[in-house]
Amino acid sequence: MGTPNFAVKILESLFESKKHTIIGVVTQPDRVRGRGNKVEDSPVKQYCLMNGLEVYQPEKVKSADFLVLLRKLQPDVIVVAAYGQILNEEILNLPKYGCINVHGSLLPKYRGAAPVQYALLNGETESGVTIMQMDKGMDTGAMLCKKAVAVSENMTAGELFDALAEVGARAMLQVLDELTNGMAKTQVQNENEATYTHLLKREMEVIDWGLSANVIHNKIRAFNPVPGAYTHLSNGKKLKIWRSMVVDGEGEAGKVIAADKQGLVVACGTGALKILEVQPEGKKSMAVKDFVNGHGVRVGDLLK
RNA sequence: CGCGGGGUGGAGAAGUGGUAUCUCGUCAGGCUCAUAACCUGAAGACCGGUGGUUCAAAUCCAUCCCCCGCAA
């Protein structure tokens, strides 16, 4: 069970290992999204269609109808990765080995919906994945395997997701082996160390230049590749900032203190941020050199 | 029919009736101890496609394709 690209990586690795039989894949129903309100398949569904895997898209996994179907499938284990729906106890207890989940943090820290983004927002230098036996709590199950991943200074959420997916996929295969040969060891989570993350809110996307360069930089990378942290140009247009770098400098918060071939530097509450890649409203993302070249900003402009 | 922006030499832009401009990049040469700096020169665009209006269209009209922001 899974939905976004992160889940595809896990599914792909299970599928290609050929060590396990995938009797069915569950993903979120097709939803209208994107321009023109067109219906779009989830990444997991697309992968299944390309590889001939059976896909199920229940509106609600917990529905009686789907439960009947699940029972009929008789899975030995259900692997869950960013599926997007809560499983109830009936489902959790249905497979012989239960349901196991790949979570994008070193539990019990960063439980919840957006562990990867929050790890970056908080400037963590280390994150990781945890494979756990799901129980009815939110990411509270016993841990089967934990693997750490180093987070570099300029790493984006997309990059961290990729790294975690790769490590997570390997860990998942390992855990499945251990489960089937009885070697699996579980470790209970220490509730006292637990922290939770909630979904990112829309108003968090806007950049507050009054904050320190570090904090802003963390937001920018946490929001790449979705949904993008943005600010407004002096003409009121939105400008998404995809990549940045903390540099020395000072000035009125939000003021452009350099805009030339060397780059674009914006003063923050503390320190300054060198902008590396941007996307003006209605345009594709571009290197900041091109943006400055096209007269998008000048020294002295105030972003807000 | 959800709202909106846009498709101009490799890149980013200007140009809204008279066959195209700027910045960057590229190539060649020069200056320099040296350079991502500077100087000189060059190449490179049938202005997204197709029809139409006009003496004349990148510029007006119609239609199609593609890209992107927002909302869900």
Side-chain angles (χ1 to χ4, degrees), chain A residues 2-8 26-46 55 57-61 82-86 112-114 117 154 156-159 161 198-209 216-217 219-249 254-266 272-304:
Chain A
T3 302
N5 285 318
F6 180 78
V8 172
V26 183
T27 191
Q28 291 276 40
D30 298 339
R31 295 269 157 75
V32 281
R33 65 171 70 103
R35 225 166 285 123
N37 287 342
K38 295 195 179 74
V39 178
E40 207 170 83
D41 294 343
S42 80
V44 163
K45 181 178 181 186
Q46 289 176 29
V55 194
Q57 299 178 278
E59 200 57 50
K60 292 192 173 186
V61 263
Y83 169 48
Q85 290 196 43
I86 308 286
Q117 291 87 335
N154 295 314
T156 64
E159 290 161 359
F161 259 119
H198 45 274
L199 278 172
L200 299 176
K201 295 206 182 79
R202 214 159 265 297
E203 58 265 28
M204 294 170 71
E205 295 167 19
V206 63
I207 293 170
D208 176 358
W209 294 103
I216 297 171
H217 177 246
K219 171 173 284 192
I220 288 167
R221 58 206 191 100
F223 284 46
N224 175 337
V226 282
Y230 67 88
T231 185
H232 296 278
L233 296 168
S234 37
N235 63 11
K237 297 268 190 177
K238 196 179 270 195
L239 180 74
K240 286 193 178 183
I241 299 181
W242 290 119
R243 276 180 190 281
S244 59
M245 204 174 130
V246 176
V247 295
D248 291 329
K255 182 159 270 185
V256 175
I257 53 182
D260 52 33
K261 275 184 248 181
Q262 315 302 318
L264 172 63
V265 180
V266 183
L273 214 54
K274 186 166 190 169
I275 312 300
L276 304 175
E277 187 183 336
V278 298
Q279 181 172 20
E281 190 176 325
K283 295 290 190 176
K284 283 190 178 178
S285 88
M286 60 182 82
V288 77
K289 183 186 66 164
D290 293 324
F291 181 60
V292 172
N293 197 5
H295 319 112
V297 277
R298 291 181 195 171
V299 171
D301 282 359
L302 202 59
L303 305 179
K304 64 175 190 175

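Values below: every heavy atom of this structure, side chains too, minus hydrogens, waters and symmetry copies. In what follows, chains are A, B, ... by sequence order, proteins preceding strands, each numbered from 1. These numbers come from a predicted model, not from an experiment.
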Mate of B/C70 across any strand shown (Watson-Crick or G-U wobble, both atom pairs under 3.5 Å) is B/G2
If the C1' atom of B/C55 is compared with that of B/G18, how far apart are they to the nearest Å?
-> 10 Å
With both distances under 3.5 Å as the test, what is the Watson-Crick or G-U wobble partner of B/A28?
-> B/U40
Between A/Lys284 and A/Glu277, is the closest basic N to carboxylate O distance under 4.0 Å?
-> no
With both distances under 3.5 angstrom, what nucleotide forms a Watson-Crick or G-U wobble pair with B/U59?
-> none
With a cut-off of 6.0 Å (strictly less than), are more than 12 heavy atoms of other residues, nucleotides or ligands near CG of A/Asp248?
-> no
Heavy atoms, side chains only, cut-off 4.5 Å: are A/Val266 and A/Trp209 in contact?
-> yes
Describe the nucleic acid contact of A/Lys237 in one word from base, sugar-phosphate, nothing, applying a heavy-atom distance below 4.0 Å.
-> nothing
May I ask you to verify whether the side chain of A/Arg35 and the base of B/G2 hold a donor-acceptor pair under 3.5 Å?
-> no
Out of B/C38, B/G2, B/A11, minimum distance to the side chain of A/Lys261 belongs to B/C38
With C1' as the reference atom in both, quote the distance from B/C27 to B/A43 in angstrom, rounded to an integer.
-> 7 Å
Can you tell me how far C1' in B/G7 sits from the matching atom in B/A45, rounded to whole Å?
-> 14 Å
If you round to the nearest 0.5 Å, how far is CD of A/Glu205 from NZ of A/Lys240?
-> 7.0 Å
Give A/Gln279 one of three labels, base, sugar-phosphate or nothing, depending on what nucleic acid heavy atoms sit under 4.0 Å from its own.
-> sugar-phosphate
Atom-pair distance (CZ on A/Arg298; P on B/C22), nearest Å = 18 Å
What nucleotide, of B/C70, B/A72, B/C68, holds the atom closest to the side chain of A/Lys284?
-> B/C68
To the side chain of A/Lys283, which of B/G69, B/G6, B/A72 is closest?
-> B/G6
Among B/A71, B/G12, B/C68, the one nearest any side-chain atom of A/Asn37 is B/A71
Whole-Å C1' distance, B/C38 and B/U54 | 49 Å
Would you say A/Arg33 reaches B/A71's phosphate, i.e. side-chain N/O to OP1/OP2 under 4.0 Å?
-> no
P-based separation of B/C68 from B/G12 [nearest Å] | 13 Å
Nearest-Å distance once atom C1' is located in both B/A13 and B/C47 | 14 Å
Using the C1' atom as the reference point in each nucleotide, state the distance between B/C1 and B/G44 in Å, no decimals.
-> 42 Å
For the residue pair A/Val246 and A/Leu273, establish whether any side-chain heavy-atom pair is separated by less than 4.5 Å.
-> yes
Applying a 3.5 Å limit to both distances, which nucleotide forms a Watson-Crick or G-U wobble pair with B/C46?
-> none
Rounding to the closest angstrom, what is the interatomic distance between B/C70 and B/A62 at atom C1'?
-> 28 Å
